[in-house]
Structures are given as C-alpha cells and as structure tokens.
Amino acid sequence: LWPIIAIGQIFLCFSYVFDGILFGLDDFSFLRKLIFYGAVFAFAPFLLYAYVQYEPRALWLALLSLGMFRLLGGWWRTRRLLPPEGQLLP
C-alpha cells in the first residue's frame, strides 16, 4: 500500500502544476469538465470495486487514477493553449 501512495505523490504533484497553469489561463470550464469525467470514468469504477469487494487498497488506486486522469488532461489542454516553445503569448 505504501509504495502506491508514495509513487502516486510524484504524479499528483504534476497534476497540481497543470491545474495551476490552467487556473492562470482562466480555463475553469475545462477543469470542471475534466474533474467530472475523471470522477465518472477513473474514480467511480475503483470506488465501486472497493465497495463490492471490500478492498481498501482500491480506494487509493481510485485517487491515483483520478490524479493520472487530471495529469493527462491538464498536459493535453496546456499543450493546446500555450504557444510552441520560442514564441511569445499575444
């Protein structure tokens, strides 16, 4: 259980970085949708599995999967909103 939590913190810190970038770019509607879809498609299946099988480790996997979903979604959106390297924002 502890390795899952420890390794998860590395990925989750980057998802918070992308959240901050998207906050700065005023892209709150995308973040709202990202959290909603992450809760439905990444968090809820593990939560249901933890409830049905009574597996507490699945709760930590649910949190990690939500963080990974936010990380990938934030990375994708940031790449689309920011200009390519070497160009300045208008």
Side-chain angles (χ1 to χ4, degrees):
L1 179 63
W2 285 107
I4 293 171
I5 296 170
I7 292 171
Q9 295 304 312
I10 296 168
F11 296 109
L12 292 177
C13 75
F14 289 113
S15 68
Y16 293 131
V17 169
F18 284 117
D19 283 348
I21 293 170
L22 292 172
F23 284 158
L25 293 171
D26 290 330
D27 202 7
F28 297 109
S29 63
F30 174 78
L31 286 170
R32 181 182 63 237
K33 292 174 190 172
L34 182 68
I35 293 297
F36 174 76
Y37 289 125
V40 171
F41 296 115
F43 184 77
F46 283 105
L47 187 66
L48 182 64
Y49 175 76
Y51 179 74
V52 171
Q53 296 295 324
Y54 192 67
E55 181 63 43
R57 285 180 287 200
L59 294 175
W60 290 103
L61 289 174
L63 290 172
L64 181 62
S65 67
L66 178 61
M68 291 299 295
F69 190 86
R70 285 176 44 225
L71 173 66
L72 294 175
W75 173 79
W76 175 80
R77 185 65 170 186
T78 304
R79 297 267 305 173
R80 289 186 48 113
L81 290 179
L82 292 178
E85 189 174 331
Q87 294 181 359
L88 298 175
L89 288 172

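Any value given below was found using the heavy atoms of this structure, including those in side chains, with hydrogens, waters and symmetry copies removed. Note that the coordinates shown come from a computational prediction; the quantities given were computed from them, not determined experimentally.
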Quiz item: CD/Q9 to CZ/F14 distance, rounded to the nearest 0.5 angstrom?
Solution: 12.5 Å
Practice problem: Side-chain contact test, heavy atoms from C-beta onward, threshold under 4.5 Å: evaluate it for W75 versus R79 and give yes or no. | Solution: yes
Exercise. Would you kindly confirm whether I35 and F41 end up in one hydrophobic cluster when ILVMFWY residues are joined by side chain heavy atoms under 4.5 Å apart?
Key: no
Quiz item: When rounded to the nearest 0.5 angstrom, what distance separates CG in L31 from CZ in R77?
Solution: 9.0 Å
Quiz item: If you count the non-hydrogen atoms of other residues, nucleotides and ligands that lie under 6.0 Å from CZ in F30, is the total more than 12?
Solution: yes
Quiz item: Hydrophobic cluster mates of Y16, side-chain heavy atoms under 4.5 angstrom, ILVMFWY only, any path?
Solution: L12
Quiz item: Does the side chain of I21 come within less than 4.5 Å of L81's, by heavy atoms?
Solution: no
Taking distance alone, no hydrogens or angles, what donor-acceptor pairs closer than 3.5 Å link side-chain atoms of residues 44-72 to residues at least two apart or in another chain?
from: E55; atom 1: OE2; to: R57; atom 2: NE; distance (Å): 2.7
from: E55; atom 1: OE2; to: R57; atom 2: NH2; distance (Å): 2.9
from: S65; atom 1: OG; to: A42; atom 2: O; distance (Å): 2.8
from: S65; atom 1: OG; to: L61; atom 2: O; distance (Å): 3.3
from: S65; atom 1: OG; to: A62; atom 2: O; distance (Å): 2.8
from: R70; atom 1: NE; to: D19; atom 2: OD2; distance (Å): 3.3
from: R70; atom 1: NH2; to: D19; atom 2: OD2; distance (Å): 2.3

Practice problem: State, to 0.1 Å, how close T78 and G74 come at their nearest heavy-atom pair, and which atoms those are. | Solution: OG1-O, 2.6 Å
